Amino acid sequence: MSLSESNRELLIKAAFEAKEYSYSPYSKFRVGAALLAADGSIIKGANIENASYGGTICAERTAIVKAASEGKRSFAALAVVTDVSSTISPCGMCRQVIREFCALDMPVLLVPGDYPKPDQSQSDSAAPGGVGKMSKGGVKVTSVGELLPDSFGPEHLELPRGS
């Protein structure tokens with residue numbers, strides 16, 4: 001899937017806006033996510049921590065749950081940002097939830113906290129670690145399938161079973 005430059009910038013801006021509403025008094029690690037729905041709307045999410053750590057919900061899941069609870073089930077892209085100057089990838093649980101609702105080829109933008117970084121002829125070059133590509137402003141562009149290879153999804157529940 002491709003993402004227009006204007007949608008890319010709107011999505012990144014929305015992820016930064018979402019991060020401002022993070023409730024992270026324990027980890028002090030703010031995360032913002034913005035999910036572009038197929039209808040063009042953008043759903044924001046921030047990480048919301050809880051004194052009972054298991055009750056914490058990540059920014060990516062916050063955005064997806066908000067969208068799904070409003071009937072949105074088709075998405076075009078996701079952007080994730082923290083306060084860290086390098087790109088940070090979604091956790092394993094978030095990757096599985098993203099996989100539930102998003103196409104394997106959907107773009108995922110991992111945005112450095114100090115975006116935009118000066119471009120250093122790395123545009124569209126392979127990202128460190130071999131997953132995704134570095135693009136304009138230091139954004140790592142990957143996909144759901146790259147983040148969660150050999151994943152298990154809803155379609156697997158329909159496969160025939162042996163006796």
Side-chain angles (χ1 to χ4, degrees), residues 1-38 40-50 53 56-67 72 75-151:
M1 293 182 149
S2 65
L3 183 63
S4 73
E5 183 64 25
S6 62
N7 278 342
R8 178 187 190 273
E9 291 307 315
L10 286 172
L11 199 58
I12 290 171
K13 180 178 184 256
F16 274 97
E17 290 169 355
K19 183 179 69 165
E20 294 304 313
Y21 296 103
S22 167
Y23 177 74
S24 46
Y26 309 108
S27 72
K28 311 284 191 264
F29 195 86
R30 299 184 313 157
V31 182
L35 188 61
L36 177 63
S41 62
I42 295 177
I43 302 90
K44 300 176 199 174
N47 58 320
I48 308 298
E49 295 181 348
N50 191 285
Y53 297 141
T56 295
I57 184 167
C58 300
E60 301 90 330
R61 286 184 286 138
T62 298
I64 289 173
V65 167
K66 284 172 61 176
K72 296 181 190 303
F75 305 103
L78 172 69
V80 181
V81 67
T82 69
D83 290 323
V84 177
S85 64
S86 61
T87 59
I88 301 291
S89 185
C91 73
M93 188 180 298
C94 284
R95 291 175 191 213
Q96 187 62 47
V97 172
I98 294 165
R99 168 64 171 91
E100 180 75 17
F101 290 97
C102 303
L104 291 172
D105 64 346
M106 187 189 84
V108 178
L109 310 177
L110 306 176
V111 184
D114 59 353
Y115 175 84
K117 290 182 178 289
D119 289 328
Q120 302 168 346
S121 70
Q122 65 178 10
S123 185
D124 293 324
S125 63
V131 176
K133 293 187 180 290
M134 296 307 289
S135 69
K136 180 180 165 191
V139 174
K140 183 176 184 177
V141 181
T142 188
S143 68
V144 175
E146 285 180 312
L147 287 175
L148 194 61
D150 300 322
S151 64

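Everything quoted here is computed from the prediction, not taken from an experiment. All values below were derived from every heavy atom in this structure, side-chain atoms included, with hydrogens, water molecules and symmetry-related copies excluded.
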Worksheet item: What pairs with D114 under salt bridge (charged side-chain N to carboxylate O under 4.0 Å, His left out), at least two apart in sequence or on another chain?
Response: K117
Worksheet item: Would you say the side chain of Y26 lies within less than 4.5 Å of the side chain of N50, judging by non-hydrogen atoms?
Response: no
Fill in: Partner set under side-chain hydrogen bond (donor to acceptor under 3.5 Å, both in side chains) for T82, not counting sequence neighbours
none
Worksheet item: Hey, does L11 have a side-chain heavy atom less than 4.5 Å from the side chain of I42?
Response: yes
Discussion item. When you compare the side chain of C58 with that of V31, does any pair of heavy atoms fall below 4.5 Å?
Written reply: no
Fill in: Over 12 foreign heavy atoms within 6.0 Å of CZ, F16
yes
Fill in: T142 side chain vs E146 backbone, donor-acceptor pair below 3.5 Å
no
Worksheet entry | CA sep, side-chain torsions, deciding dist, call: I88, L110, side chain to side chain contact (heavy atoms under 4.5 Å, CB included) | CA-CA 6 Å; I88 301 291; L110 306 176; over 6 Å; no
Item to complete: Measure across A18 and A33 and return the closest heavy-atom pair with its distance rounded to 0.1 Å.
Response: CB-O, 3.6 Å
Item to complete: Write down the atom of P112, the atom of G138, and the distance for their closest heavy-atom approach.
Response: CD-O, 3.4 Å
Discussion item. Please enumerate all residues that pass side-chain contact (heavy atoms from CB on, under 4.5 Å) together with P25, with sequence neighbours excluded.
Written reply: Y23, E49
Worksheet item: Who are the side-chain hydrogen bond (donor to acceptor under 3.5 Å, both in side chains) partners of S86, not counting sequence neighbours?
Response: none
Item to complete: For the residue pair V80 and L109, establish whether any side-chain heavy-atom pair is separated by less than 4.5 Å.
Response: no
Response to the item:
Sequence neighbours excluded, the answer for salt bridge (charged side-chain N to carboxylate O under 4.0 Å, His left out) partners of E17 is K13, K44
Worksheet item: Does any non-hydrogen side-chain atom of S135 lie less than 4.5 Å from one of R8?
Response: yes
Worksheet item: Would you say the side chain of V139 lies within less than 4.5 Å of the side chain of T87, judging by non-hydrogen atoms?
Response: no
Discussion item. Test: side-chain hydrogen bond (donor to acceptor under 3.5 Å, both in side chains). Region: residues 56-66. Which pairs qualify, not counting sequence neighbours?
Written reply: none
Worksheet item: Which pairs, with at least one residue in residues 83-103 and sequence neighbours excluded, count as a salt bridge (charged side-chain N to carboxylate O under 4.0 Å, His left out)?
Response: K19-D83, R30-D83, R99-E155
Discussion item. With a 4.5 Å cut-off on side-chain heavy atoms, are L36 and F75 touching?
Written reply: no
Discussion item. Nearest 0.5 angstrom please: S24 OG to N47 CG, how far?
Written reply: 5.0 Å
Worksheet item: Heavy-atom distance under 4.5 Å between the side chains of V81 and I12, does that happen here?
Response: no
Discussion item. List the residues meeting side-chain contact (heavy atoms from CB on, under 4.5 Å) with S6, not counting sequence neighbours, and say none if there are none.
Written reply: S4
Practice prompt. Would you name the heavy atoms of A79 and A15 that are closest together and state the gap between them?
Written response: O-CB, 3.9 Å
Worksheet, complete the sentence: Correct closest heavy-atom pair for A76 and P107 would be O-CD, 3.2 Å
Discussion item. My understanding is that only residues two or more places apart in sequence, or in another chain, count here; which of them pass side-chain hydrogen bond (donor to acceptor under 3.5 Å, both in side chains) with S143?
Written reply: none
Worksheet item: Which distance, rounded to the nearest 0.5 Å, do you find between the NZ of K72 and the CG of L35?
Response: 10.0 Å
Worksheet, complete the sentence: Output for pair (I98 CD1, L104 CG), nearest 0.5 Å, gives 12.0 Å
